[in-house]
Amino acid sequence: MILKRMNGMFLISIIPFFILVLLFLFVPLFFMLYSSFQGDGGSGFTFKQYLEIFQNTYYHQAFKNSIIISFFSSLIAIGLAVFATYSITLFSKKIQDRILVFANLTANFAGIPLAFAFIVILGNSGLFTLLFKHFGWDLLNSFNLYSWSGLVLIYIYFQLPLAVMLIYPVYQGIQAQWKESAALLGASPLQFWLRIGGPIILPSIAGTFSILFANAMGAYASAFALTGSTYNLVTIRIGALTTGDIFARPELGSAIATLLGVTLVVALLINEWLTRRIRRDLS
Amino acid sequence: MSFLTIENIKKSFDNETVLHSLNLSIKEGEFITLLGPSGCGKSTLLRTIAGLIHQDEGKIHIDGKDVTEVKPKDRQVGMVFQSYALFPNMTVQENIEFGLKMKKLDKETVKQNAAKIVELVELTGKEKSYPRELSGGQQQRVALARSLVTRPKVLLLDEPLSALDAQIRKNLQKQLRSIQQELNMTTILVTHDQEEAMAVSDYVYIMNKGQIAQSGTPHEIYTRPVNEFVARFIGNYNVLTREEVSNLFKGEKNFKNKMYAIRPEAFSEDRILDGYEISGKIQKTSMLGNITRFELEANHVSFIADRLHKIDEDAQKQETKTLYLNRKDVIPLS
Ligand SMILES: Nc1ncnc2c1ncn2[C@@H]1O[C@H](COP(=O)(O)OP(=O)(O)OP(=O)(O)O)[C@@H](O)[C@H]1O
Ligand SMILES: [Mg+2]
């Protein structure tokens, strides 16, 4: 009886959540899928949009660019975060909390304001660019904010704090007694991390990588604000097709967005598969 | 000749002294138990011996060698924790072989040693399992095997059996003792459970507030507590002040110590020659399995007396009971 009533309460309180998910997740998803199989202007069922994407090298390039920048910015961010977060765990609890607040803040600093901040600091007449020039070092010779490397820098900038926040709890999962046992059995700290600590945190690191990858694949505003629509990324293509610089083709945009989703799912599956190969105990 | 000596070990955490100039010495192959209330510094002492905590003062010698400044990994000390601390990403076999691999022994030796230990702790057939696939008792045996396989000079066990249920705990106690004797392993066990301490060890060290309150064989500890703390901690001793004892044994005047202890089972219903005789009023009777416990009052002093349970229990509340006690069973405490 009591159990039933509790279930009832549970259902009632979860209904608003389901409605929210339905309205803002499934309905748009459904319309995106539906519209991706429509001809221009909604003229009946067709694979035409997908065919166009598969045949058009311009879209191939957008996917390639997006995947490359997402992959590398995620990889670099996660590589840095693994070490940065480990050093954070060595501080006292109080300092750790402060660093996390800071990470939280910076992780949310993205999009147009972030691009603008970078332009002010490292742009052609940015603060540091001018400062360095004053000291006789022309930054522009080796680094151009409006190029690929500038874009990668911005991506890493907003990925890194997110990675730190996601990896921080992972280190809490390492029991002190594993380290102590390993030490008493003759293992050095490096051996501990290679044989025990590393493999244990690996699935979480891989999961974090997936999130970062998705985060980067879906990023739009920073890249758009920095390079306009000159840099060919999937999100910028979708943006152009739906808002329409010249003429809008929302159906084609939907098809690209669907493929973007598929890319993420495939990336997630590859990730999962690799993780399970290394951590045999999980399967 | 002592094998492990601990001299004047002091340790404080944030101005709170946890170990007060503690001394301890153990012979080779001895099994000793540290028994004491929560927070008295048992784990801290073990971790200091293992080198996981650095003491503020004092020296530790193992097998004639000063290890005070030696790193944990070079101390040849094995440790088993209450939480098992098995490596979750490794199989039973890999967990057990870990220490041997760290020693860079050749493959064949690693395999043979591991196989021997697996058999000793009766885990044959479980080699390929992962820790999460094992029961608590099995996991603890893996942890034991993992520590034993490297043949440490000293084995430290920090409440290894506390998380297990009573039945398995009893079995593992026996197994632990027999393995320890077979390998002649110098062992220190930390436990909360006095029965466990009495059952397995050669010597028991009662710890209180970072000091050794008393040490001795289980028999000595149980029958001759030397101070109030031990008397209260061990068993269900009646701990009475000088006035209370004098009142209880009316007419006796030569009690010199401040405190005295009397084991509840020392009271007898049969007359004891040259003993004390007490008539007490029964306040409460309780059945504790095979014994019956009486809470009595005599001359305004409350005390408890135990007796083996009788089928035709006859005692009634408020009834007066006459009990006898040997003089030597009134133990003076310091
Ligand atoms: N790393 C530490 N930092 C600060 N205080 C500590 C630390 N480790 C132990 N203490 C303190 O030292 C005291 C003794 O702790 P210890 O763990 O040795 O007790 P114990 O006898 O093992 O208790 P239990 O039976 O509960 O395990 C406690 O008051 C504890 O709070
Ligand atoms: Mg403890």
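Letters go in sequence order (proteins before strands), and every chain restarts at 1. Only this structure's heavy atoms are used, side chains among them; waters, hydrogens and symmetry mates stay out.
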Trainee: What residues of residues 87-94 of chain B make heavy-atom contacts with chain A at a cutoff under 4.5 angstrom?
Mentor: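 If one takes a 4.5 Å heavy-atom cut-off, the residues of residues 87-94 of chain B near chain A are B/F87, B/P88, B/N89, B/M90, B/E94.
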Trainee: Ignoring hydrogens, what is the shortest heavy-atom contact between B/F3 and B/E28? Give both atom names and the distance.
Mentor: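 So the minimum-distance heavy-atom pair works out to CB-N, 3.4 Å.
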Trainee: Does B/D193 pair with B/R169 as a salt bridge, N-O distance under 4.0 Å?
Mentor: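 Salt bridge between B/D193 and B/R169, a charged N being under 4.0 Å from a carboxylate O: yes.
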Trainee: Between A/A182 and chain B, which part of the residue has a heavy atom less than 4.5 Å away: side chain, backbone, both or neither?
Mentor: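 Both the backbone and the side chain of A/A182 come within 4.5 Å of chain B.
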Trainee: How far apart are the C-alpha atoms of B/L19 and B/K10, what are their side-chain angles, what is the distance that settles it, and do they pass the side chain to side chain contact (heavy atoms under 4.5 Å, CB included) test?
Mentor: CA-CA 5 Å; B/L19 299 177; B/K10 273 188 201 152; 5.8 Å; no
Trainee: Are A/V164 and A/I99 close enough that some pair of their side-chain heavy atoms sits under 4.5 Å apart?
Mentor: no
Trainee: Is B/K128 close to chain A through its backbone or its side chain, or both, or neither, when contacts mean heavy atoms under 4.5 Å?
Mentor: neither
Trainee: Which region of B/L100, side chain (C-beta onward) or backbone (N, CA, C, O), has a non-hydrogen atom less than 4.5 Å from a non-hydrogen atom of chain A, or is it both or neither?
Mentor: neither
Trainee: Under 4.5 Å, counting heavy-atom pairs only, tell me which of B/V80, B/L52, B/V77 racks up the most with chain A.
Mentor: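 Looking at each of B/V80, B/L52, B/V77 in turn, B/L52 comes out on top.
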Trainee: For chain A, find which of B/T150, B/D74, B/V149, B/L86 contributes the most heavy-atom pairs closer than 4.5 angstrom.
Mentor: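 Top count of heavy-atom pairs under 4.5 Å with chain A: B/L86.
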Trainee: Would you say B/L176 and B/L157 make side-chain contact, with heavy atoms under 4.5 Å?
Mentor: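 Answer yes - side chains close enough.
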Trainee: Contact part of A/Q191 toward chain B, heavy-atom cut-off under 4.5 Å: side chain, backbone, both or neither?
Mentor: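 Side chain only.
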Trainee: Quick one: are the ring centres of A/F158 and A/Y155 less than 6.0 Å apart?
Mentor: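 Yes: the rings meet the under 6.0 Å criterion.
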Trainee: Just give me the residue among B/S147, B/P72, B/P152 that pairs up with chain A most often, heavy atom to heavy atom, under 4.5 Å.
Mentor: B/P72
Trainee: Please find the pair of heavy atoms, one from A/L23 and one from A/V27, that lie closest to each other, and give the distance.
Mentor: O-CB, 3.6 Å
Trainee: The test is salt bridge (charged side-chain N to carboxylate O under 4.0 Å, His left out); show your working for B/R177 and B/D202 and say whether it passes.
Mentor: CA-CA 10 Å; B/R177 178 60 162 166; B/D202 297 314; 2.8 Å; yes
Trainee: Verify the distance criterion only: is there a donor paired with an acceptor across the side chains of B/D66 and B/T68 at less than 3.5 Å?
Mentor: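 On atom types as modelled, these side chains qualify, holding a pair under 3.5 Å.
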Trainee: Answer whether the closest heavy-atom distance between the side chains of B/L45 and B/Y205 falls below 4.5 Å.
Mentor: no
Trainee: Less than 4.5 Å to any heavy atom of chain A: does that hold for the side chain of B/R146, its backbone, both, or neither?
Mentor: both
